[in-house]
A.B. asks: 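Okay, here's the structure, questions in a sec.
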Protein chains: 2
Amino acid sequence: MEKEHNLSKNQKIIFDIIDKSGEPMKAYSILFDVQKKGIKAPLQVYRALDKLVEIGKIHKIESRNAFIACQNSSCQITKATAFSICESCENVSEISNSKLSKYLSNFSDDSGMKYSKYNLEFFGLCKKCKSK
Amino acid sequence: MEKEHNLSKNQKIIFDIIDKSGEPMKAYSILFDVQKKGIKAPLQVYRALDKLVEIGKIHKIESRNAFIACQNSSCQITKATAFSICESCENVSEISNSKLSKYLSNFSDDSGMKYSKYNLEFFGLCKKCKSK
DNA sequence: CTTGTAAATGTTATATTATTACATACTGTT
DNA sequence: AACAGTATGTAATAATATAACATTTACAAG
């Protein structure tokens with residue numbers, strides 16, 4: 001069984017918007033969209049985003065300062081994220097490739113670091129943009 | 001032979017500061033440090049940073065909005081970067097592991113994406129912080 | 001049911017990170 | 001000398017994120 005997270009009001013509103021959009025959203029664009037629902041300040045958005053990231057419902061695309069809903073059904077892998085990003089159309093999708101995640105989760109070297117988390121971003125051209 | 005990049009005045013000043021520090025530096029902290037050398041405005045810093053990233057002399061640590069000098073002697077791998085980040089002391093170092101870079105450079109999946117670049121950040125605890 | 005505590009909210013102000021727009025100067029070629 | 005490309009200088013502003021403080025809600029323990 002996976003843990004059920006009961007989202008609070010703001011968290012629900014903000015998750016729904018990101019989830020419906022299906023693409024990475026920036027904090028202030030979210031803010032703009034939720035103002036009609038009474039969320040007026042950046043901090044309200046950032047607090048919800050922080051929590052949603054923490055529980056794995058969304059991920060931050062670091063190179064874009066944007067947030068996308070987790071596309072791995074059960075979102076157990078907050079600690080192991082990989083994305084592919086098209087540098088032309090900016091389409092982003094989450095990579096779920098068990099070999100890749102196994103490889104990276106088991107990665108270790110002689111540095112003495114104890115790794116507990118990783119984030120990987122691949123860049124390139126998507127199918128559509130390649131053929132243009 | 002690798003290509004020699006002749007850095008301009010500002011690029012040299014800013015690269016030297018980052019290189020000497022040996023750790024990730026933030027843009028505005030660089031700005032503060034170089035003001036005695038006549039670089040007064042954020043844009044002057046960002047322009048040099050952009051160029052230095054482009055030619056691979058420095059890398060951006062995306063999750064930290066900070067810049068670190070390339071630690072791979074010849075800096076041929078602007079397009080394949082991996083870092084280890086200690087979440088306790090914030091020490092960052094560049095990972096140069098040929099198996100890892102081979103594995104990731106050759107990665108492909110059935111999405112139709114043509115990958116040309118990646119950036120990987122590992123998080124955890126370094127040797128020192130582990131034993132505290 | 002009330003008391004305590006953690007989590008969530010609301011609000012204002014401010015800090016931090018990054019870019020736009022425009023004018024000028026330098027560098028190396030033809 | 002003329003040109004093209006790169007770099008610089010300066011001011012203003014945009015975009016992203018957090019600090020500080022007051023209040024409220026959720027919910028478990030007594």
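The chains referred to below are lettered A, B, ... by the order of the sequence lines, with proteins before strands, and numbering in each begins at 1.
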A.B. asks: Determine: side-chain N/O of K26(B) to OP1/OP2 of dT16(C), distance under 4.0 Å, yes or no.
C.D. replies: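 Answer is no, no contact under 4.0 Å.
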
A.B. asks: Please state whether the phosphate of dT10(D), meaning OP1 or OP2, lies under 4.0 angstrom from any side-chain nitrogen or oxygen of K40(B).
C.D. replies: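 It does, given that an N or O in the side chain of K40(B) lies less than 4.0 Å from OP1 or OP2 of dT10(D).
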
A.B. asks: Less than 4.0 angstrom between a side-chain N/O of S8(B) and OP1 or OP2 of dT8(D), yes or no?
C.D. replies: yes

A.B. asks: Expressed in angstrom and rounded to an integer, what is the separation of L52(A) atom CG from dA7(C) atom C1'?
C.D. replies: 14 Å

A.B. asks: Grab the two heavy atoms, one from V45(B) and one from A27(B), that are nearest each other, plus how far apart they are.
C.D. replies: CG1-O, 3.8 Å

A.B. asks: Please tell me which of Q44(A) and Y28(A) maps to the more 5' nucleotide of DNA chain C, matching each residue to the nucleotide holding its nearest heavy atom.
C.D. replies: Q44(A)

A.B. asks: Starting at atom CG of N65(B), determine the distance to atom P of dA15(C), rounded to an integer number of angstrom.
C.D. replies: 18 Å

A.B. asks: How close or far is atom C1' of dT9(C) from atom NZ of K12(A), stated in whole angstroms?
C.D. replies: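 The answer, rounded to whole Å, is 14 Å.
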
A.B. asks: For K128(B), does the NZ atom have more than 12 heavy-atom neighbours from other residues, nucleotides or ligands under 6.0 Å away?
C.D. replies: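 Not more than 12 within 6.0 Å, no.
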
A.B. asks: How long is the line joining CD1 of I61(A) and P of dT16(D), in whole Å?
C.D. replies: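 It works out to 15 Å between those atoms.
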
A.B. asks: Go through dT8(D), dA17(D), dA7(D) for me and flag the one nearest to the P42(A) side chain.
C.D. replies: dA17(D)

A.B. asks: Could you say whether Q11(B) or A41(B) is positioned toward the 5' end of DNA chain D, judged by the nucleotide with the nearest heavy atom to each?
C.D. replies: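 It is Q11(B) whose nearest nucleotide is closer to the 5' end.
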
A.B. asks: What is the distance from CG of L49(B) to P of dA18(C), rounded to the nearest Å?
C.D. replies: 9 Å

A.B. asks: Does dG10(C) have OP1 or OP2 sitting under 4.0 Å from an N or O in the side chain of K9(A)?
C.D. replies: yes

A.B. asks: Look at the rings of Y115(B) and F122(A) and say which category their plane angle falls in: under 30° parallel, 30 to 60° tilted, over 60° perpendicular.
C.D. replies: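 Ring orientation of Y115(B) relative to F122(A): tilted.
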
A.B. asks: Check this for me: does any side-chain nitrogen of one of E121(A) and R64(A) sit under 4.0 Å from a carboxylate oxygen of the other?
C.D. replies: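 No, this pair does not count.
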
A.B. asks: Between K60(A) and dA17(D), is there a contact of a side-chain N or O with OP1 or OP2 at under 4.0 Å?
C.D. replies: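 The answer is yes; a side-chain N or O of K60(A) sits under 4.0 Å from OP1 or OP2.
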
A.B. asks: Whole Å only: how far is the CG atom of N10(B) from the C1' atom of dT24(C)?
C.D. replies: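 Rounded to the whole Å, the gap is 14 Å.
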
A.B. asks: Rounded to whole Å, please give me the gap between CG in L31(A) and C1' in dA17(D).
C.D. replies: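 Rounded to the whole Å, the gap is 12 Å.
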
A.B. asks: More 5' along DNA chain C: Y46(B) or L43(B), using each one's nearest nucleotide?
C.D. replies: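 Result: Y46(B).
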
A.B. asks: Could you tell me how far apart N6(A) (CG) and dA8(C) (P) are, to the nearest whole angstrom?
C.D. replies: 10 Å

A.B. asks: Taking the side chain of R47(B) as its heavy atoms from C-beta onward, which of dA8(C), dA7(D), dG9(D) lies nearest to it?
C.D. replies: dG9(D)

A.B. asks: Any idea which heavy atoms bring K36(A) and D33(A) closest together, and the distance?
C.D. replies: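 Smallest heavy-atom distance, with atoms named: CE-O, 2.9 Å.
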
